[in-house]
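Report on one structure; see the data block that follows.
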Amino acid sequence: MDTRRYRMVVTSGLDYVGTGAQVDDRLRNWLKEPPKQYDIDAFAEGRNEIARGVTLDHDSATGASGTYGRWRLRETTPDGTWQTTVVIRQAGAGPTWVQLDVEHLPDDPHAFPIPAKTPRLAGNLLDVLQARDGLADVTRVPQVIEVDDVDSVIDELCDERRRLPVVVASTPYGVDFDAWLEGTVDPLVRPLAGLAVLYVLTPEAEPRFNRALEHHQVFAGGIRTYLPGVDPAWAADGQRHRVMSRKAVTESPARARRLLAQLPQSLATHAPLPPALDSVPLLRTRTKEAVGTSDLERLKDENHALFEILEEAGREQRVRADEIRDLKQELQSARQGESLLTVEYDEQYRDLQRAKAQVRALQKRLLVLNAGEAAYMPVEPGPAEPASFSEILARIAEMPRVHFTGSRKITLELDDQAYGSSWGRMTWDALLALRDYADAAAGGDTSRDFKQWCEDVPEGMHAISPRKIIRDESKSVKSKPDWRKERTFPVPDYVDPTRKVFMGAHIRIGGGNTVAPRLHYHDASCATHGIFVGYIGPHLTNTLT
């Protein structure tokens, strides 16, 4: 993993002016206090060289796209330049973003940058900015989770706007909570200031937390890193979120601290910047003041400044080239791992469906036996499952109470993707379950919704995992007109006079992430109209896509 650069990206709880004042104050104190002790008065007087080999530049602008302010510190050392950049940015009526970067730019084009440690400035800023990441507060030290805080923390874990990982520490049984927090947890997570949301569970809160997150538990002194996109109802999702045991923490604290920091550091470096920050223009280095000097001397100063700009550009270009190379290697490894997981998942799903078919066959044989007929009476095999989405669309017509009203073109494009085989089988299983549910509802055999039906399905009927069924979209999706429009699909006029309805209910096809498809449907069974499937295709736009 590339952990050479430190990067903090948070939103400020203060307005833009208040944020700028606090950043300016904390930055100046950081520069003039030990161990730096730079001449800040020089900067106030208009000179950007605040010590030998050390420059501080500032620029700001206000325009149609918003407002930004930026400070950049460059410190020359024998092996290159250390560059610290702080940006505050507000675009439109959005929040005020704060970005802090620290990186090493080597002079030698063949040398690797020195990894950047978490700067003291990060904690100083977090102390005054009321920093947030989505719903969560970002603090320099862990926040204590009491029993009454558990529900709020789970909401933060599932928040679709969250960009940072959440690190939750538990307490070993029989160990004093305060001693464990101060002696073990605090030093362990100190490098994560600004890189993660930090929590520690009290012993009283731990049981409630783990009951709510049965597939994502942390206990007995373990520490778990929860990536963005937690799905509490999906057991397989628990594998994404790393757990560090108490043994690993206590046997080698230095190694544990380094390992715990690797993932948040890598995520911070590689995650795309929010659009507001990504649109900030490049900083232009200003030339030295040349009052009272000759034209020749001014020209020399300008040439020197130009040389510095070119030299800086060359260093940054080499660093970016290294980052691109590392990203390509990680992408290749990820693709290889994804392919292996896809094959494994496909095989497991095939085995599961084969087992379900055997169970259904045995149930039918049992019914035959109970009816007093011959035990050896063969069970007629059902029709073969569709081999493609094209065949799925054709065979939906066999289901009188399941109606497809969506775009065939979008659905058929799924056949061209690598996961088409397992996706197709999962989609067909979902449609069979919807069919049996709609038939039961029409016959008055159920008054439950589809998710409840799958939680307790009658024998011999098809069902899918209830965890794959989402009854409605989130408030953030429904409140955005463009996203709501994406999820509004055609229906006959006897269902709605406008001939279209918002279909927030949907089924996750595949692993549940933003790559896997979705099936959006409208349940009109209570009106004996059946199920209307308005969409089978790629995940629609939300805060994660």
Side-chain angles (χ1 to χ4, degrees), residues 349 353 382-417 419-443 446 449-451 453-454 457 461-466 468-473 477 483-510 512 515-542:
Y349 191 79
Q353 296 310 103
E385 62 185 24
S388 66
F389 280 94
S390 175
E391 193 174 344
I392 287 173
L393 293 182
R395 290 182 58 178
I396 289 180
E398 302 170 6
M399 304 178 182
R401 293 186 177 87
V402 178
H403 317 283
F404 181 72
T405 64
S407 166
R408 294 177 56 86
K409 179 177 180 295
I410 291 175
T411 303
L412 293 176
E413 287 174 353
L414 295 176
D415 280 328
D416 298 329
Q417 300 190 34
Y419 317 100
S421 56
S422 59
W423 285 353
R425 283 196 295 275
M426 294 175 200
T427 302
W428 185 242
D429 289 341
L431 290 168
L432 291 175
L434 285 168
R435 178 200 65 186
D436 288 357
Y437 162 71
D439 289 346
T446 183
D449 67 16
F450 181 53
K451 188 179 181 96
W453 159 270
C454 288
V457 66
M461 298 292 184
H462 293 83
I464 59 174
S465 169
K468 290 187 173 294
I469 304 167
I470 311 301
R471 288 190 173 102
D472 200 2
E473 291 285 10
V477 168
W483 294 359
R484 187 178 182 88
K485 184 178 179 181
E486 274 190 0
R487 292 159 173 80
T488 300
F489 303 108
V491 292
D493 55 6
Y494 59 79
V495 176
D496 192 283
T498 65
R499 300 182 66 86
K500 55 187 178 182
V501 295
F502 173 75
M503 299 188 186
H506 60 278
I507 298 170
R508 294 168 171 159
I509 305 300
V515 176
R518 297 292 187 266
L519 182 155
H520 285 256
Y521 67 93
H522 173 65
D523 184 357
S525 298
C526 60
T528 69
H529 295 319
I531 299 291
F532 292 86
V533 177
Y535 181 83
I536 304 175
H539 195 302
L540 296 170
T541 310
N542 68 5

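Everything numeric here is computed off the predicted structure, so don't read it as measured data.
Taking every heavy atom of both residues into account, Phe450 and Ala430 meet most closely at CZ-O, 4.4 Å. Annotation for Cys454 and Ile469: closest pair SG-CD1, 3.8 Å, computed over non-hydrogen atoms. Closest approach of Arg487 and Thr541 over heavy atoms only: NH2-O, 2.7 Å. Residues His462 and Trp453 approach most closely at O-NE1, 3.7 Å, considering heavy atoms.
Counting heavy atoms from C-beta outward, His539 and Arg518 have side chains that approach closer than 4.5 Å. A 4.5 Å side-chain heavy-atom check between Glu473 and Phe502 finds at least one atom pair inside the cut-off. Contact check for Asp496 versus Lys500: no side-chain heavy atoms found under the 4.5 Å cut-off.
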Cut-off 3.5 Å, no hydrogens considered: what does the side-chain donor-acceptor table look like for residues 488-495, sequence neighbours left out?
{"unit_1": "Thr488", "atom_1": "OG1", "unit_2": "Arg484", "atom_2": "O", "d": "2.9"}

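Here the straight-line distance linking atom CD1 of Ile536 with atom CD1 of Ile507 works out to 9.0 Å at 0.5 Å rounding. Taking CG of Leu412 as the start and CD1 of Ile392 as the end, the distance is 10.0 Å to the nearest 0.5 Å. The line from CD of Glu486 to NE2 of His520 is 9.0 Å long, rounded to the nearest 0.5 Å. How far CG of Leu432 is from CD1 of Ile464: 10.5 Å, rounded to the nearest 0.5 Å. Summarising the geometry, atom CG belonging to Asp429 is positioned 10.5 Å from atom NZ belonging to Lys468; distances are rounded to the nearest 0.5 Å. We find the CD1-CG distance between Ile509 and Leu414 to be 9.5 Å, quoted to the nearest 0.5 Å.
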### Message
Walk me through whether Tyr437 and Asp523 qualify under side-chain contact (heavy atoms from CB on, under 4.5 Å).
### Response
CA-CA 10 Å; Tyr437 162 71; Asp523 184 357; 2.6 Å; yes
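For the pairing with Val533, the side chain to side chain contact (heavy atoms under 4.5 Å, CB included) check across Thr427, Ile396, Leu519 returns one residue only, Leu519.
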